[in-house]
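From a predicted model like this one, the values you see are computed outputs, not experimental measurements.
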Amino acid sequence: MADATINPISAADITTWDYEADVVVAGYGISGVTAAIEAARAGAEVLVLERTGGWGGAASLAGGFIYLGGGTPLQKACGFDDTVDNMKTFMKAALGPGTDDAKIDAYCEGSVDHYNWLVDAGVPFKESFWGQPGWEPPYDDGLMYSGGENAAPFNTLVEPAPRGHLPQMADKKTGEKGGGYMLMKPLVETAEKLGVRAEYDLRVQTVAVDESGRVVGIVAKRYGKDVTIRARKGVVLAMGSFAYNDEMVLSNAPKIFGHPAASIEAHDGRAIQIGQALGADTAHMDATEVAFFCDPQLMVRGILVNGRGQRYIPEDTYPGRIGQATLFQQDNQAFLIIDEAAYEEGINAESSSAQLRAQPTWVAETVEELEAEMGLSAGTLQSTVDLYNRHAATGSDPVLGKKPEWVKPIVGPFAAIDLRGHTGGFTLGGLKTNVNSEVLHVSGEPIPGLFAAGRCTSGVCAGGYASGTSLGDGSFFGRRAGISAAR
């Protein structure tokens with residue numbers, strides 16, 4: 001057989017199948033493992049294909065946030081009330097514009113059940129809340145604000161509730177043994193107990209289709225040799241984003257070109273291209289999460305200004321929102337203005353991201369001197385600091401709505417930290433799927449035999465982001481992909 005390409009291959013041209021199962025799942029990250037579990041529980045024989053030498057994907061290297069709410073047992077144990085309607089309101093406001101409201105509705109309505117499903121599968125959550133600013137808790141706390149729910153403007157829409165749920169991890173070390181690893185490990189063990197098989201070092205090339213156009217298998221390569229895998233019922237694509245496909249990033253999300261973060265090189269967009277070759281629709285291919293590389297414990301204690309010396313976002317919001325605002329709206333220009341006392345307080349605060357604490361770039365006795373050293377136009381930074389301090393004297397921030405607990409006048413000596421270009425991210429767009437994780441043709445009809453979940457699809461995030469929506473969306477709709485494929 002000729003070398004496989006992205007284009008689908010006719011099953012009639014395949015004389016021998018090397019492997020066979022009812023449901024074949026491509027990718028052994030969070031979406032793949034949840035799809036495998038549910039397909040197996042539905043009675044299907046399941047085979048997972050993974051391009052690397054072991055399970056985990058990007059999920060196992062992640063901090064581990066799963067975005068859940070609506071009144072989970074963990075929220076209640078930590079003393080927080082949350083409702084499904086409040087969760088829907090926040091997600092539709094924060095993750096847009098153009099959210100798939102049917103997906104968000106299903107996700108929020110099924111959130112408590114999904115939490116219980118994870119716990120039943122062995123995922124541990126510690127009943128403790130971390131309330132400090134940060135990308136994630138430095139310890140093994142199970143709950144945290146992870147999307148700016150308690151910051152302006154969202155805290156004026158509905159009653160805030162923390163929805164960042166974190167699997168408990170002893171000897172936590174993000175990137176090696178973080179919450180993501182502790183999420184994946186019990187799920188893989190659950191899949192194995194259900195009889196799910198896995199084949200590693202298989203690089204998926206394309207799908208095989210029968211004469212009616214139904215997807216009936218996968219063609220992969222192992223060490224340069226073609227391997228064919230027949231799927232008697234369905235194929236689930238769970239192969240991650242296109243953050244490491246330079247051509248796709250330049251075509252769809254050029255602002256993060258050359259700056260991938262929180263992703264892995266296996267996220268090469270292959271699953272999306274395979275779907276497109278079958279006529280699949282895509283959505284929100286320009287959408288990206290954007291990390292901002294500065295410790296939130298410092299940011300909340302100062303003010304962030306752009307290249308014109310003006311504030312542009314409340315500094316106590318979710319740092320991913322700061323990253324998006326900086327890259328998309330401020331030409332990647334940002335400076336943190338902070339005084340000596342606040343800086344010392346910030347660097348001595350407990351944090352999971354102490355490595356992101358930068359030394360001041362410029363220091364000065366007056367704002368006027370600092371402004372000149374930074375190369376800003378005369379009077380720009382002075383007017384910003386004067387206005388901020390005038391209101392901060394009474395603990396208020398009527399301009400951007402920073403919470404009173406973080407609003408204090410900035411007094412000398414003054415420092416500025418150069419944060420220009422301190423951003424990186426991953427893509428959020430992908431194959432268009434329905435609430436049952438069926439891949440949709442551009443006609444709007446499902447492509448027979450093809451299902452997908454996770455970052456190779458366009459999920460609950462259409463533009464904005466909250467930490468936990470990737471693992472949450474991937475695991476929730478991964479389950480639905482497995483159930484649908486097993487039918």
Donor-acceptor pair between [X] and [Y] side chains, under 3.5 angstrom:
X    : Y    : value
S467 : Y318 : yes
S475 : H114 : yes
Y465 : S470 : yes

Give me the ring orientation class for Y107 and F477: parallel if the planes are under 30° apart, tilted from 30 to 60°, perpendicular past 60°.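 Because their plane-to-plane angle is under 30°, the rings of Y107 and F477 count as parallel.
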To the nearest 0.5 Å, what is the distance between [atom1] on [X] and [atom2] on [Y]?
X    : Y    : atom1 : atom2 : answer
T89  : L157 : OG1   : CG    : 7.5 Å
L118 : D113 : CG    : CG    : 11.0 Å
M285 : Q276 : CE    : CD    : 5.5 Å

Any side-chain heavy atom of M91 sitting closer than 4.5 Å to one from C108?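 With C-beta onward as the side chain, the pair touches.
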Candidate list V235, L237, V439, test side-chain contact (heavy atoms from CB on, under 4.5 Å), partner V215, passing option: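 The side-chain contact (heavy atoms from CB on, under 4.5 Å) with V215 is passed solely by V235 among V235, L237, V439.
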Look at the side chain of D473 and the backbone N and O of V460, then say whether any donor-acceptor pair between them is shorter than 3.5 Å.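 Yes.
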Quick check: does any side chain N or O of H422 sit under 3.5 Å from a backbone N or O of L356, one acting as donor and the other as acceptor?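 Not a single qualifying donor-acceptor pair exists.
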I would like to know whether E315 and R301 meet side-chain contact (heavy atoms from CB on, under 4.5 Å); could you show each step before the answer? CA-CA 8 Å; E315 295 83 4; R301 291 173 166 85; over 6 Å; no
For residues 94-105, which residue pairs qualify under salt bridge (charged side-chain N to carboxylate O under 4.0 Å, His left out), counting only residues two or more places apart or in two chains?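 Of all non-adjacent pairs touching residues 94-105, those that pass salt bridge (charged side-chain N to carboxylate O under 4.0 Å, His left out) are K88-D105, K92-D105.
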Give every residue pair that meets the salt bridge (charged side-chain N to carboxylate O under 4.0 Å, His left out) criterion with at least one member in residues 44-65, sequence neighbours excluded.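 Those involving residues 44-65 are E45-R197, E45-R232, R51-D268.
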Taking only residues two or more places apart in sequence or in another chain, which ones pass ring-ring contact (aromatic ring centres under 6.0 Å, His included) with F154? F90
Which residues pass the ring-ring contact (aromatic ring centres under 6.0 Å, His included) test with F80, sequence neighbours left out?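 F80 satisfies ring-ring contact (aromatic ring centres under 6.0 Å, His included) with F129 only.
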Pairing residues for N245 by the side-chain contact (heavy atoms from CB on, under 4.5 Å) criterion, not counting sequence neighbours: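 side-chain contact (heavy atoms from CB on, under 4.5 Å) check on N245 returns F242, E247, M248, Q273.
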Between K193 and E189, is the closest basic N to carboxylate O distance under 4.0 Å? no
Close aromatic pair by centroid cut-off 6.0 Å: Y67 and F476: no
side-chain hydrogen bond (donor to acceptor under 3.5 Å, both in side chains) pairs touching residues 72-81, sequence neighbours excluded, are T72-H165, Q75-D82
